[in-house]
Amino acid sequence: TPGPAVAVSMTAADFGSAIVAAAPVRVEFWTAEKVLIAVWLIGMALLLLRLLTGTIRTNRLRRLEGEGLVTPVTVGWLRPSIILPAGWREWPAAQLQAVMAHEQEHVRRRDPLVQWLALLNRAVFWFHPLAWWLEKRLAGLSEEACDDAVLMGGHDPLEYSEFLLGLARAVREAGARVEVVGMAMPGTFLPERIRRIAGGAKMQRISKTRMAGLVLFCGAAGMVCAGASVGYRAGAPAAVVQQKADAPVLMAQAEAPGQSVRGSVFDPADLPVAGASVTLTNADSGATLTTSTNDQGDFRLGGFAPGTYSVSVKVPGFKSLIHSGVRVAMGESRNSGKMMLQVGDVAEAVTVTGSRNATAAFVGTLGPMTNVPNSAPPAPAPPVVPVAAPATGGKVGPANLINAVRPSYPVELQRAGVAGTVRVEAIISKEGVLTGTRVVSSPDAGLTQAVMGALSQWRFRPSSLDGQPIEVATTIDVNYSVND
């Protein structure tokens, strides 16, 4: 009785085409840069909330007409107001005049607006020590200027110092804090102010000429700093911007001055590859910038920030080519040179299914049927007709399996339940036959012998590059499985 038929299914796939269809690697969301940005946003939000709360309390304080205050305060941006504590009517006339002279100088100088802008600057640049120093320094200088105005009005320095100390003592005894956006008279740096008043420091004024020169200098410095970070946009950018996965996208202005990466792409026949997809990827952010090669195989990418990048080239039928660790400095034009592609490998997969209940093959006078040679040798593969070399390369004809002899499944191995995958690496020659076959892995020597015997009779239509036959590497997997 003949044994059951062995089911065989075969599939073939071209690795070169599969590489192009591979999904891009997803960029990690929480990078170090994004964490720092999140921390900055949280800090700025907290300080802006505090500034908003102080502004609201300031408006509320105006409506309450100073209820709960223990020290004079000047508040308001466009129309500043002086708010006095509830007991100001009991103050001596000299003290009231000094207080009003101090606060009126705040009104004239628009100090509440300057303080609010300094607090806004501190909220945005809270991570920078100079922002905190600037806010305190401006508040201290405004108090010194108002002190000078009081003394210039003829008030006694010692008596005025007593007024300031009395107000500071009242604030401390009340256990209060001035949490409004305004200029409180005790202010900051009170010890330094008292020493300055007692020492008879002269009022420092700046001339209009120096003020105009200072404004021009600050404006020019600001223009220079802003100009150093301005990007340029060309009329006709040569690069195409793409976005893969959830990665950010580089802003591309290929003809703009600044950083750039250029190079050329060639195939193994040393012919330029036109239309090759070239992608520039930032190593830190994952941002990408993509362009294509011209008819001479050349490419150029420009208009991106300095940093470390990788340059990848993808062409159907070829292996992906990646140059990583490309560092581009400010204003540098980096040349990647001649990038040589390699033809993609070919993969073959065969599935052979057997049964534990398989019976022995019929043996006659000529011996086992499995040992009967084929009646005719396999037909040779049709040759690839060479054509004249084209002007540009990158044209790959994949190898096609045209004659496949199915591998046998020895009955004794089926009954023993021996299964697994036999992996073989080989070269498909220009004549379409397998050469240099090498067994990578196998579960059993009997299966190896069966596979090698079948592969020696396989025939391919050989691969071609730019119309010329070429050798190409291949990996063949023969999967043996046993049904109960």
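Only a predicted model underlies this, so the values are computations on that prediction, with no experimental measurement involved. Residue numbers run from 1 in the order of the sequence given.
Of the possible donor and acceptor atoms, none in the side chain of Thr474 sits under 3.5 Å from a partner among the backbone N and O of Ile428. Side-chain atoms of Asp444 come within 3.5 Å of backbone atoms of Gly446 as a donor-acceptor pair (strictly under, hydrogens ignored). In terms of modelled atom types and a separation under 3.5 Å, the side chain of Trp458 and the main chain of Gly432 share no donor-acceptor contact. Of the possible donor and acceptor atoms, none in the side chain of Glu425 sits under 3.5 Å from a partner among the backbone N and O of Val440. Judged by distance alone, the side chain of Trp132 and the main-chain N or O of Trp126 form a donor-acceptor pair under 3.5 Å. Listed for the Glu332 side chain is no donor-acceptor partner under 3.5 Å among the backbone atoms of Gln259. Within the 3.5 Å criterion, the main-chain N or O of Ala347 finds no donor-acceptor partner in the side chain of Thr475. Remark: the backbone N or O of Ala283 is not paired with any side-chain donor or acceptor of Thr308 at under 3.5 angstrom.
For the pair Met340 and Leu321, the tightest heavy-atom approach, listed with the atom from each and the gap, is O-CD2, 3.4 Å. Looking at every heavy atom in both residues, Leu47 comes nearest to Arg122 through CD1-O, 3.8 Å. Shortest non-hydrogen contact noted between Thr293 and Val273 is OG1-O, 2.7 Å. Here the closest heavy-atom approach between residue Ala454 and residue Pro407 is recorded as CB-CA, 3.7 Å. Considering every non-hydrogen atom in both Pro462 and Ser429, the closest pair reads CB-O, 3.6 Å. In plain terms, the two heavy atoms of Pro112 and Gly76 that are nearest each other are CB-O, 3.1 Å.
Crowding of Glu412 atom CD: a count of heavy atoms from other residues, nucleotides or ligands under 6.0 Å exceeding 12. Other residues, nucleotides and ligands contribute at most 12 non-hydrogen atoms within 6.0 Å of the CZ atom of Arg423. When the shell of 6.0 Å around CE of Met211 is examined, it contains 12 or fewer heavy atoms from other residues, nucleotides or ligands. Around CD of Gln449, the count of heavy atoms belonging to other residues, nucleotides or ligands within 6.0 Å does not exceed 12.
Here Asn483 pairs with Thr353 under the side-chain contact (heavy atoms from CB on, under 4.5 Å) rule; sequence neighbours left out.
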Next item on the list: Could you give me the CA-CA distance, side-chain angles and deciding distance for Val313 and Phe318, then say whether side chain to side chain contact (heavy atoms under 4.5 Å, CB included) is met?
Entry: CA-CA 9 Å; Val313 181; Phe318 293 90; over 6 Å; no
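Applying salt bridge (Lys or Arg N to Asp or Glu O under 4.0 Å) to Lys338 and the options Asp270, Asp267, Asp298 leaves one that passes, Asp270.
Counting only N and O atoms by type, the side chains of Thr290 and Thr279 include a donor and acceptor under 3.5 Å apart.
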